[in-house]
Amino acid sequence: MALSDFDLVLFGGSGDLAMRKLLPAMYARDVANDLPPSARIICVGRADASQEEFLQTVETTSKPLIKSPAVIPAAWERFTRRIVYVSLNATDAGSYQGLVEALRKDEAITKVYYPATPPAIFAKICEALKENGLVTPNSRVVLEKPLGRDLASAKQINAEVGKVFEESQIYRIDHYLGKETVQNLLALRFGNILFEPLWRREWISDVQITIAEKLGVGNRMGYYDTSGALRDMLQNHLLQLLCIVAMEPPTSIAPDAVRDAKLQVLRSLKKFTPTTLAQNIVRGQYRAGHVDGKAVPSYRDEPDAPEHSRTETFVAMKAEIDTWRWAGVPFYLRTGKRMADGLAEIVVRFKQIPHSIFNQPTNSFQPNSLVIRLQPDEGLRMNLMAKTPGDGMRLKQAELELDFREQFKSPRMEAYERLLLDVLRGQLTLFMRGDELEAAWEWVEPILDNWESDDSFPLPYASGTWGPAAASALIGRDGLQWREEVLPED
Ligand code: BG6
């Protein structure tokens with residue numbers, strides 16, 4: 001569907017997100033000829049820079065980060081002609097005159113406001129837009145995480161933004177939903193007859209969802225130390241993946257059909273009590289170690305880290321969903337920084353066969369599993385038992401593999417490219433609704449409260465490992481193992 005003309009306004013236009021992700025994503029879509037000829041990107045910043053100075057910053061900061069598609073000089077020039085720089089103080093409605101003048105008056109031109117700023121000023125920006133008459137039915141606002149740090153602050157953001165924009169104008173981004181494989185999971189579940197009958201407690205033994213990073217906190221300590229892995233990754237990305245795996249079939253791909261189905265999952269998650277929480281959640285913090293053979297420092301020795309920080313950089317938990325479909329099926333969720341490998345994957349393990357007809361004991365059969373790989377490579381792998389060639393009847397694990405890059409040669413889209421196109425198209429399916437956001441916070445809140453009131457420290461783990469040993473014990477208690485423990489050669 002061709003996009004209609006738009007003015008995209010990036011608040012925090014010279015900030016990290018705009019330079020690293022948003023401008024490169026828009027460039028990629030421009031090269032692909034997705035953008036209408038007169039569409040513009042208005043970058044808003046506090047700095048009193050001229051248009052030329054700002055474009056110079058884009059040239060030196062953003063352009064070198066563009067790897068694929070490679071920068072073509074003529075296309076880059078066309079792209080930079082779309083960029084307009086406006087200097088204003090985002091929290092001062094009286095300073096918005098430059099933006100009012102820069103925006104085209106034609107109501108038919110979609111106006112998208114994207115505060116790529118700290119969430120503390122989202123509400124102020126929305127109010128200022130309203131005060132300056134910049135909000136019309138054809139305006140949209142994009143909100144980036146962290147959307148709050150607990151239920152109360154998330155509610156506050158929702159309420160304040162809701163005074164200015166209708167829910168149908170609000171695009172809450174979770175960039176994991178823009179990843180190709182996540183959408184492929186929808187295709188897998190609802191475009192095939194094969195899985196749905198098996199997608200339930202009778203046939204599935206457990207589900208593991210892991211997002212592991214090799215990176216540490218880097219230069220984001222100011223933000224990260226007040227957040228931690230639970231807020232930074234689990235409350236949003238991991239829970240969104242869990243929702244896509246566990247939701248009931250929506251009646252269509254329409255935004256509210258999908259979002260209602262996800263909301264139902266969030267509301268069905270079994271609440272933790274102080275006792276169940278202590279038994280089912282492990283938090284850790286990385287210490288010095290080696291990642292890819294390189295020595296890396298302890299979290300507390302990273303630049304600007306508080307000496308006695310209690311912030312977790314790793315969480316593993318066993319969650320449960322109280323529905324007929326999922327009762328009793330453990331969902332193991334895990335995320336961490338400075339881990340042994342960088343990957344994101346979902347592993348759905350099926351139950352053991354009930355009886356072996358072969359001269360092999362039942363427990364020598366690896367249960368079937370479906371591995372949905374989000375990164376670094378994108379694909380699906382189904383593990384099956386197959387006969388080994390030759391004489392006799394020996395069964396061994398074999399793999400059916402679908403590598404999306406191999407299968408579909410078409411160029412990939414970064415998550416932000418896909419999501420920005422959806423915003424510009426007015427397609428809300430891959431964005432979180434306000435009630436979803438609140439339901440996710442409501443579920444993690446008892447954990448946050450418990451950790452706040454408890455003065456113990458996260459468990460230490462060496463960088464370059466899979467987290468504290470307690471994480472293996474957590475899943476081991478149920479007689480299971482994390483995938484890398486089962487398949488060390490992988
Ligand atoms: C962000 C987190 O939302 O996701 C970061 O704030 C994290 O801490 C990042 O590194 C991971 O995203 P991806 O797409 O690189 O897996």
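Each ligand, and each atom within it, is numbered from 1 in the order the structure gives. Throughout, numbering of the chain's residues begins at 1 and tracks the sequence.
For ligand 1, the protein residues within 4.0 angstrom (heavy atoms only) are K145, H175, Y176, K179, E213, R220, D232, M233, H237, K337, Q375.
For the residue pair K262/Q240, the side-chain donor-acceptor check at 3.5 Å is satisfied. S268 and D322 are not linked by any side-chain donor-acceptor pair at a separation below 3.5 angstrom, with hydrogens and angles left out of the test. In this structure, a donor-acceptor pair under 3.5 Å is present between the side chains of N383 and S369.
Between R373 and D403 no salt bridge is recorded (no basic side-chain N to carboxylate O distance below 4.0 Å). For D292 and K294, the salt-bridge test fails: no basic side-chain N is under 4.0 Å from an acidic carboxylate O.
Here the straight-line distance linking atom NZ of K337 with atom OH of Y286 works out to 8.0 Å at 0.5 Å rounding.
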